[in-house]
Structures are given as C-alpha cells and as structure tokens.
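None of the values given here were measured: they were computed from a predicted structure. Just the heavy atoms: all of them, side chains too, but no hydrogens, waters or symmetry mates, feed the values below. Reminder, nothing fancy here: chain letters follow the sequence lines and each chain counts from 1.
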2 protein chains.
Amino acid sequence: MMELTRKGEYAIRGIVHLARLPHGNVALLSEIAEAAELPQTFLAKIFQNFAKLGFVNSYRGTGGGFSLARPAAAITLRQVVEAVEGPIAPNRCVTELGCERSATCRVHTVWRRVQEQVVGILDGVTIEELAREED
Amino acid sequence: MMELTRKGEYAIRGIVHLARLPHGNVALLSEIAEAAELPQTFLAKIFQNFAKLGFVNSYRGTGGGFSLARPAAAITLRQVVEAVEGPIAPNRCVTELGCERSATCRVHTVWRRVQEQVVGILDGVTIEELAREED
DNA sequence: ACCTTTAGGATCATTTTTATCCTTTTTAGT
DNA sequence: ACTAAAAAGGATAAAAATGATCCTAAAGGT
C-alpha cells in the first residue's frame with residue numbers, strides 16, 4: 001500500500017544523480033539513465049517535465065543535456081515526488097475536492113493527519129541531502 | 001500519490017458500519033452494502049477475507065450475515081488497511097525484502113521514517129473510535 | 001549540410017483495480 | 001426431506017493505471 005511508482009523512483013534517482021555532479025555540470029540523458037540504471041526513454045519524459053517545472057535546465061544538440069536549474073538544497077523531496085506522482089494524499093478524502101461524506105466520516109481526520117506527517121517529512125528533505133556521499 | 005484504493009475504503013466503511021451496531025449484532029451483507037453505499041459483490045470478497053483473519057464472524061443460511069468477532073476497540077485501522085492493501089510501505093525499499101541499493105540510497109531512511117509515522121498513526125486509531133457517532 | 005541531443009506526440013503491452021457472475025455449501029425454518 | 005436464504009469460492013471481464021517504446025520534429029554545435 002501507498003507505494004511510490006517506478007516513475008517516482010526514477011525521478012528521484014535521476015535528479016539525485018544530477019545533484020552529485022559539480023554544480024552547473026551538464027549531463028547527457030543517456031549518462032544519467034545508465035548511471036541510475038533506468039530506461040532512458042522513460043527518464044526523458046520525466047526530465048522534460050522537470051525542465052518545465054524549473055528543476056532542471058535542458059540543452060539540445062551537441063554538448064547538450066541536463067543540469068540542475070537551482071541549488072540542490074533548494075529542491076525538496078516533496079517537490080520532486082509531487083511533480084511526478086501528484087499531490088500527496090492518502091485518499092480522495094483529503095484532496096482539494098474535499099470529502100462529500102466528511103460529516104459522518106471520522107476516518108477523514110486520520111487521513112488528514114497522515115497527509116500532514118508525510119508532507120512534513122518530505123518537505124524537510126532536500127535533494128542536496130540525498131546527494132551527499134558518505135559522511 | 002499514496003492513495004487508498006476503493007477496496008480499502010469499502011473495507012473501512014463496511015467494518016465501521018458493523019461496529020456501529022449493538023455488539024454481537026448480525027448484519028446482512030446486503031444491508032451493509034446498502035448502508036455504506038458500495039457494491040455488495042465486492043464487499044463480499046472483502047468480508048470473506050475479514051472472516052478468515054478473525055475480524056468478523058460469518059454465518060450462512062437464513063438469519064445469517066456478519067458480526068464483529070472482537071471488540072471494535074481491539075481492531076486498529078492499520079490492521080484493516082493492511083488486511084486489504086498489504087503492508088504499509090511507501091516504496092519497495094522498505095518492505096521485508098530490503099533494499100539492494102541501500103548502501104548508496106539515502107532516500108531509504110526517509111521512506112523508513114514515513115512508514116513509521118504512517119504505521120504509528122494507523123496503529124493508534126481503532127474501529128471503535130471511527131464508529132462513534134457525534135461527540 | 002550534418003550530426004547530436006532534447007521535445008513532443010502517439011502507441012502499446014502489462015499489471016492492477018474494480019468489479020460481476022455462477023456454482024457450491026451451509027443453515028434455518030416448515 | 002424440502003425449500004429458501006445467505007455466505008464461500010472460483011472464474012471471468014471491463015476499465016484504468018503503469019511502464020515503457022518509437023518516431024518525427026526542433027534546436028544547437030561543428
């Protein structure tokens with residue numbers, strides 16, 4: 001239950017790989033995919049989206065590739081996860097839609113708490129922390 | 001992301017409904033399904049499983065149905081959720097299998113924390129609490 | 001021009017989710 | 001015994017999500 005999909009895993013592995021490179025360094029998609037052991041075509045989609053969201057810069061043509069668009073310390077795990085998986089919500093009940101049976105639904109408040117806890121944890125972790133090599 | 005499926009929702013609504021009845025009361029599947037607004041055939045599967053797990057007693061034949069097998073205060077939300085959705089694990093990394101890349105994987109510890117928090121919350125909520133009418 | 005590399009769109013296979021149906025078994029009541 | 005009621009169990013199926021792959025276009029460097 002409540003599992004991150006491959007897409008989410010790939011996204012994290014991909015951006016963490018980028019964050020491990022010297023700042024501003026441009027890496028090829030093929031290089032990232034190989035290093036992080038994931039399908040390049042799938043990662044392409046993820047990174048295209050990251051580019052739109054301003055997490056990474058993309059450069060076409062010879063010498064092109066991707067680089068981090070902001071300091072790794074300024075990108076949270078939550079941002080990355082939500083970018084690919086959508087808002088963190090343990091069930092429909094706690095999305096922006098709200099809960100039509102919230103009057104009777106006590107479970108509602110439980111999911112709300114779960115959501116807050118998870119969001120809180122993921123907000124507190126940056127890509128920079130994840131990218132650090134052994135202490 | 002991290003959403004409970006319909007099955008999980010139905011399971012909770014179904015067992016909470018049972019818990020609202022006077023203790024030991026036997027309810028028909030059809031009655032529960034109607035009251036909780038969910039497909040009876042689907043709920044049947046869920047409750048068959050609940051019977052095996054000892055959450056409910058089932059009785060066949062005329063006058064049959066389902067009743068809670070133990071006090072609602074002795075059934076946690078976590079137990080119900082895990083019964084239908086499987087172990088709570090934000091990703092593969094934190095299942096009993098372990099993480100083959102855990103050496104390099106710092107994200108691992110984050111998922112572990114998430115898992116602990118969620119499990120902690122769901123462990124702390126009983127069906128009895130959820131079944132209480134307005135305070 | 002030509003090659004490299006990402007962008008974007010379409011497509012597709014697999015798996016999971018969300019059921020439904022049918023037959024069998026059990027039980028109660030007559 | 002017979003019958004009706006109700007859950008058990010198994011098979012099946014439609015729909016949606018997931019996990020990719022492929023192809024053409026656009027952009028950039030040499």
Side-chain angles (χ1 to χ4, degrees), chain A residues 1-15 18 25-34 36-69 81 83-87 89-92 95, chain B residues 1-15 18 25-34 36-69 81 83-87 89 91-92:
Chain A
M1 188 229 170
M2 320 244 304
E3 285 202 16
L4 199 69
T5 64
R6 293 291 163 99
K7 196 170 162 192
E9 284 187 39
Y10 295 166
I12 296 167
R13 295 222 299 263
I15 202 165
L18 256 197
N25 211 307
V26 175
L28 287 178
L29 198 57
S30 55
E31 178 201 313
I32 303 168
E34 192 183 12
E37 297 176 76
L38 48 86
Q40 178 176 339
T41 56
F42 202 167
L43 185 68
K45 302 301 180 185
I46 296 167
F47 268 41
Q48 277 168 30
N49 189 232
F50 278 180
K52 278 186 195 156
L53 294 170
F55 295 157
V56 302
N57 291 126
S58 71
Y59 308 95
R60 294 174 170 193
T62 312
F66 295 88
S67 66
L68 270 196
V81 168
V84 294
E85 307 265 10
N91 82 350
R92 291 168 197 76
T95 59
Chain B
M1 188 227 169
M2 321 246 303
E3 285 202 18
L4 200 68
T5 63
R6 294 289 163 99
K7 194 170 164 192
E9 284 186 40
Y10 294 166
I12 296 168
R13 296 222 298 263
I15 202 164
L18 256 197
N25 211 306
V26 174
L28 288 178
L29 198 56
S30 54
E31 177 200 314
I32 304 168
E34 193 183 10
E37 296 175 78
L38 48 86
Q40 178 175 338
T41 57
F42 201 168
L43 185 67
K45 301 301 181 186
I46 296 168
F47 268 42
Q48 278 167 31
N49 189 234
F50 278 180
K52 278 185 194 155
L53 294 171
F55 294 157
V56 302
N57 290 127
S58 72
Y59 308 95
R60 295 176 169 194
T62 312
F66 295 89
S67 67
L68 269 198
V81 168
V84 294
E85 306 267 10
N91 83 349
R92 291 165 197 78

Partner set under side chain to side chain contact (heavy atoms under 4.5 Å, CB included) for R6(A), not counting sequence neighbours
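Partners of R6(A) under the side chain to side chain contact (heavy atoms under 4.5 Å, CB included) test: Y10(A), R92(B).
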S67(A): which residues meet the side chain to side chain contact (heavy atoms under 4.5 Å, CB included) condition with it, sequence neighbours left out?
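V26(A), N57(A), Y59(A).
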Does anything in residues 45-61 of chain A come within less than 4.0 Å of DNA chain C? Heavy atoms only, and list the residues if so.
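Heavy-atom cutoff 4.0 Å gives K45(A), Q48(A), K52(A), S58(A), Y59(A), R60(A), G61(A).
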Closer to the 5' end of DNA chain C via nearest nucleotide, is it R6(B) or A44(A)?
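The 5'-side residue here is A44(A).
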Distance test, side-chain N/O of [X] to OP1/OP2 of [N], below 4.0 Å:
X: T5(B); N: dT18(C); result: yes
X: Y10(A); N: dG19(D); result: no
X: T41(B); N: dT20(C); result: yes

Just how far, in rounded Å, is [atom2] of [N] from [atom1] of [X]?
X: L43(B); N: dT20(C); atom1: CG; atom2: C1'; result: 14 Å
X: K7(B); N: dT16(C); atom1: NZ; atom2: P; result: 12 Å
X: E9(B); N: dA19(C); atom1: CD; atom2: C1'; result: 15 Å
X: L28(B); N: dA28(C); atom1: CG; atom2: P; result: 14 Å
X: L38(B); N: dT20(C); atom1: CG; atom2: C1'; result: 15 Å
X: R13(A); N: dG19(D); atom1: CZ; atom2: P; result: 12 Å

With a 4.5 Å cut-off on side-chain heavy atoms, are F50(A) and V84(A) touching?
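Sidechains of F50(A) and V84(A): in contact.
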Going by heavy atoms in the side chains, are L68(B) and I15(B) under 4.5 Å from each other?
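In contact.
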Sort me out a list of protein N/O and nucleotides 15-17 of chain D N/O pairs below 3.5 Å, or just none if empty.
none

How long is the span from the CD atom in E34(B) to the CG atom in L43(B), to the nearest 0.5 Å?
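Going from the CD atom of E34(B) to the CG atom of L43(B) covers 12.5 Å.
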Distance in Å, E37(A) CD paired with R13(A) CZ, rounded so as to fall on 0.5 Å steps:
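The CZ atom of R13(A) is 6.5 Å from CD of E37(A), to the nearest 0.5 Å.
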Comparing G63(A) and Q40(B) on DNA chain D - which has the more 5′ nearest nucleotide
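The residue mapped nearer the 5' terminus is Q40(B).
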Taking for each residue the nucleotide of DNA chain D bearing the nearest heavy atom, is the 5' side occupied by F66(B) or by F42(A)?
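Looking at DNA chain D, the more 5' nearest nucleotide goes with F66(B).
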Mind checking what makes side-chain hydrogen bond (donor to acceptor under 3.5 Å, both in side chains) contact with T62(B), not counting sequence neighbours?
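In terms of side-chain hydrogen bond (donor to acceptor under 3.5 Å, both in side chains), with neighbours along the sequence ignored, T62(B) is linked to no residue.
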Please list, chain by chain and in numerical order, all residues satisfying side-chain hydrogen bond (donor to acceptor under 3.5 Å, both in side chains) with Q48(B), sequence neighbours excluded.
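For Q48(B), no residue satisfies side-chain hydrogen bond (donor to acceptor under 3.5 Å, both in side chains) once neighbours in sequence are set aside.
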Nearest non-hydrogen partners of L4(B) and E9(B), listed with the distance:
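For L4(B) versus E9(B), the nearest heavy atoms are CD2-N, 3.8 Å.
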